[in-house]
Undergrad: 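For reference, the structure I am asking about is given below.
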There are 4 protein chains.
Amino acid sequence: MRATTSSTRRRGRPRKIAGPDDILAAALRVFAATGYSRARLEDVAREAGISKAALYLYFDGKQAIFEALVRSAVVPNVERLEALVAGWQGNSADLLRNLIQAIGRLVIESELSAFPKLIVAEAANFPDLAQFYRTQVIERVLGVLASIVSRGVASGEFRPADPALSARLVIAPLLFSTLWKTCFVRDDEPRFDPAPLLSLHVETLIRGLA
Amino acid sequence: MRATTSSTRRRGRPRKIAGPDDILAAALRVFAATGYSRARLEDVAREAGISKAALYLYFDGKQAIFEALVRSAVVPNVERLEALVAGWQGNSADLLRNLIQAIGRLVIESELSAFPKLIVAEAANFPDLAQFYRTQVIERVLGVLASIVSRGVASGEFRPADPALSARLVIAPLLFSTLWKTCFVRDDEPRFDPAPLLSLHVETLIRGLA
Amino acid sequence: MRATTSSTRRRGRPRKIAGPDDILAAALRVFAATGYSRARLEDVAREAGISKAALYLYFDGKQAIFEALVRSAVVPNVERLEALVAGWQGNSADLLRNLIQAIGRLVIESELSAFPKLIVAEAANFPDLAQFYRTQVIERVLGVLASIVSRGVASGEFRPADPALSARLVIAPLLFSTLWKTCFVRDDEPRFDPAPLLSLHVETLIRGLA
Amino acid sequence: MRATTSSTRRRGRPRKIAGPDDILAAALRVFAATGYSRARLEDVAREAGISKAALYLYFDGKQAIFEALVRSAVVPNVERLEALVAGWQGNSADLLRNLIQAIGRLVIESELSAFPKLIVAEAANFPDLAQFYRTQVIERVLGVLASIVSRGVASGEFRPADPALSARLVIAPLLFSTLWKTCFVRDDEPRFDPAPLLSLHVETLIRGLA
DNA sequence: CATGAATGAGCCTTCATTCAT
DNA sequence: TATGAATGAAGGCTCATTCAT
């Protein structure tokens, strides 16, 4: 891999020409639209406003672009979630409510909603990437959630329950929602609103854990 | 589409040559391994023990094979679930326990576990198929689950809750488990066992709904 | 080549099953419709009411069918033309008029109108067949026509002119007409009527030769 | 269709690499040799000195190459004929003599002699192209010829005769000659010389029309 | 005689990747 | 740094031909 996301060469001037970040942004759009295999580098290039060959100035190829995309776009958000939890003062149930909303905004409503679909689709073809995503994204998020459950159990808010497993119960409906939105909602349908489902989820879960 | 799954011409003799069913079985294996796009028809043919050209005796092409696979392999199991619910005598909580176990066996432990990944991966490329899967599989399963919730609410077992949304909460951890198993579990890891998660899920859910 | 046109096995019973003649008739229709290369043996078989494999009971393959078709369908008509001329009693101009009409009926209005197009299209791929057609069809017809011109010159009806070349002038408009009909007349146009052109042709020609 | 024949980007330097024009020239040779269906794009590419894939930089596929070939190579010559007639000063008979010679050079002796065979062969498979050829080539040439006949009739050189039909009589021997040359003349024969036939044709025709 | 089933060879087309400029 | 041009490799699909029954 030749490039990191942090573009190395801005000199204060307003950027005109496309750098690695623009390429990754373009790649996200194109990959999200058709999946990795059917995505054509030509489209990524056009979307980024550069030539196909120029992609190779920044990345080693299609696969490298995909990997860089995943590595760069997701981890910062995980860190943000970890920070949110680390700084939390209130009770565990409220934290859980907050976190589920936060993850929901990220994974269902933002541009990042394309990732779960993409990762799932290409996991078999990119084992390394899948493991990266598992350890750096999924397991870290699960870890955060498990810590909340642990805290709630310790404080007596929740009944004793395996925190690792409970964490999985927390994110499952979020995964469901994002895949539902990115795979099954037709264009002619009213915009998918995950809020009611997430509300019911968090309340049922808190009640179930209580 | 040229072929239905039920081959019409067996005469009691043990079939040696590969028919549509064998092709679909082979296709399931190959598609599950690499995804639709990277799957090569040549591999499907070899796996089925026939020539590439012979595939075209039964199906109109790669896409048709994929569609036939989805259409033929999943719906019967949906019907089995519907039948299970229709004939149920006991209380709703037990039915829910049973159903979750049944779906788990199907979608996590059987060969069918490849489908969620495949469908998710190819939804954008096969909108019709995605809609077929949504209406004929997902929504029917959700409908079954919603009816159970409704029944439980009516009988006083469960507190009032939107059945349609609740149904989504029921399957979400099942979806999570399948995708976890098919995408992220490494070969060198101990065999993935969904049972603990599903146990916790069903008990927490029932408690949350109570 | 394994079969001749004359079917060998009729025993007086009304024929039900398709023999070589039926195959050639079917082949003529199919070849005429799409040309040799795009014609599929499967269509020939269906058109003949037999299986694809059965074609090989009578012919050695696609090429052989095409060759048999050409060899069988055209030569008899050449012989008929030769007979017409051999038995002619009247003057040369009338004979020419008659012959042009006769050839016109054959080559423009009958099923045989497909041949010129087919032969022209495939001449490069079937050099032997092209030579066969040249010597057994074209040159024999040219010979007949040349003999008429010779006779007319000898009798003083026509001015001295190279009979071989003149013969080519005689058939050229017939070739034009058949190709026009089989290649350029659209289906939505009124049926192509070659009569006016042929009338003008023969009168102009006779006047030109006089 | 993606390319026009007139390449837009020469900068005075001697062109080394093959452009659309070279491809069409190569395609003409290959198609002329084996006909459209049997022609392999690989041969066209090799003949043009480029790779198979490079063909797709300029054309959308085999069919597009064929269509571009027909559209680009023939029409300009039709326009040249029309100009010849428009500027003619002498009598109609001489014009006719000149025009037949000109068409003969084009259609029998130049590289274009392959077109009639090709068009005839593929008319059924390319109805649009056949109609294009009919309206843009054949009918325009026939129109030119008909105008000459009309002029001759008006001036009293020719007896009254349907100009449209007469025009067909004019080109018929030219068509015959081309097809004879491209389909039936063997390589081991002396070079086909159309001159005697065309001489006889034009003199006989003029005499017949007089 | 007849066929359903099967196949091998061939070709068009796509696209990630390279390279001279 | 940037690109237009070019390509090699790969895969889906077709169809004439064969063969066991």
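Because the structure is predicted, anything quoted here is derived from the model rather than measured.
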Undergrad: Can you classify the ring geometry of D:Y36 versus D:F31 as parallel (below 30°), tilted (30 to 60°) or perpendicular (above 60°)?
TA: tilted

Undergrad: Rounded to the Å, how far apart are D:Q63 CD and E:dC11 P?
TA: 18 Å

Undergrad: Please state whether the base of E:dT13 and the side chain of D:K62 form at least one donor-acceptor pair under 3.5 Å?
TA: no

Undergrad: Rounded to whole angstrom units, what separation is found between the CG atom of C:L55 and the C1' atom of E:dA2?
TA: 11 Å

Undergrad: Considering all heavy atoms of both residues, which atom of A:K117 and which atom of A:C183 are nearest to each other, and what is their separation?
TA: CD-SG, 3.7 Å

Undergrad: If a pair means Watson-Crick or G-U wobble with both distances below 3.5 Å, what does DNA chain E look like in dot-bracket form, with | marking bases paired to a different strand?
TA: .||||||||||||||||||||

Undergrad: Given atom CD1 of C:I65 and atom C1' of F:dC15, what is their separation to the nearest angstrom?
TA: 13 Å

Undergrad: Would you kindly compare D:S51 and B:R40 by the position of their nearest DNA chain F nucleotide and give the one closer to the 5′ end?
TA: D:S51

Undergrad: Looking across every strand, which nucleic acid part, if any, lies under 4.0 Å from C:A45 by heavy atom: base, sugar-phosphate, or nothing?
TA: nothing

Undergrad: Return the value, rounded to whole Å, for the distance between atom CD1 of D:I50 and atom P of F:dG4.
TA: 19 Å

Undergrad: Taking the nucleotide of DNA chain E with the closest heavy atom to each, which residue, C:K52 or D:Y36, is nearer the 5' end?
TA: C:K52

Undergrad: To the side chain of B:A53, which of F:dT7, F:dT14, E:dA2 is closest?
TA: F:dT14

Undergrad: Go nucleotide by nucleotide along DNA chain E from the 5' end; which of B:G49 and A:G61 gets its closest nucleotide reached first?
TA: B:G49

Undergrad: Distance check needed: E:dA16 C1' versus A:R38 CZ, whole Å only.
TA: 16 Å

Undergrad: Taking A:V44 as the fixed residue, which of A:L28, A:V30, A:L24 is the one that meets the side chain to side chain contact (heavy atoms under 4.5 Å, CB included) rule?
TA: A:V30

Undergrad: Could you tell me how far apart C:F31 (CZ) and F:dC15 (C1') are, to the nearest whole angstrom?
TA: 13 Å

Undergrad: Please identify each residue that fulfils ring-ring contact (aromatic ring centres under 6.0 Å, His included) with C:F115, with sequence neighbours left out.
TA: none

Undergrad: What is the distance from CG of A:L57 to P of E:dT17, rounded to the nearest Å?
TA: 14 Å

Undergrad: With respect to the side chain of D:L41, which nucleotide from E:dG8, E:dT13, E:dT14 is positioned closest?
TA: E:dT13

Undergrad: Would you mind reading off the distance between A:D60 atom CG and E:dA16 atom P, rounded to a whole angstrom?
TA: 15 Å

Undergrad: Are there over 12 heavy-atom neighbours, none belonging to D:Q131, within less than 6.0 Å of that residue's CD?
TA: yes

Undergrad: For residues C:E122 and C:N125, is any side-chain donor paired with an opposing acceptor at under 3.5 Å?
TA: yes

Undergrad: Considering residues, nucleotides and ligands other than D:R38, do more than 12 of their heavy atoms fall under 6.0 Å from its CZ?
TA: no

Undergrad: Would you tell me if any nitrogen or oxygen in the side chain of A:Y56 comes within less than 4.0 Å of OP1 or OP2 on F:dT3?
TA: no

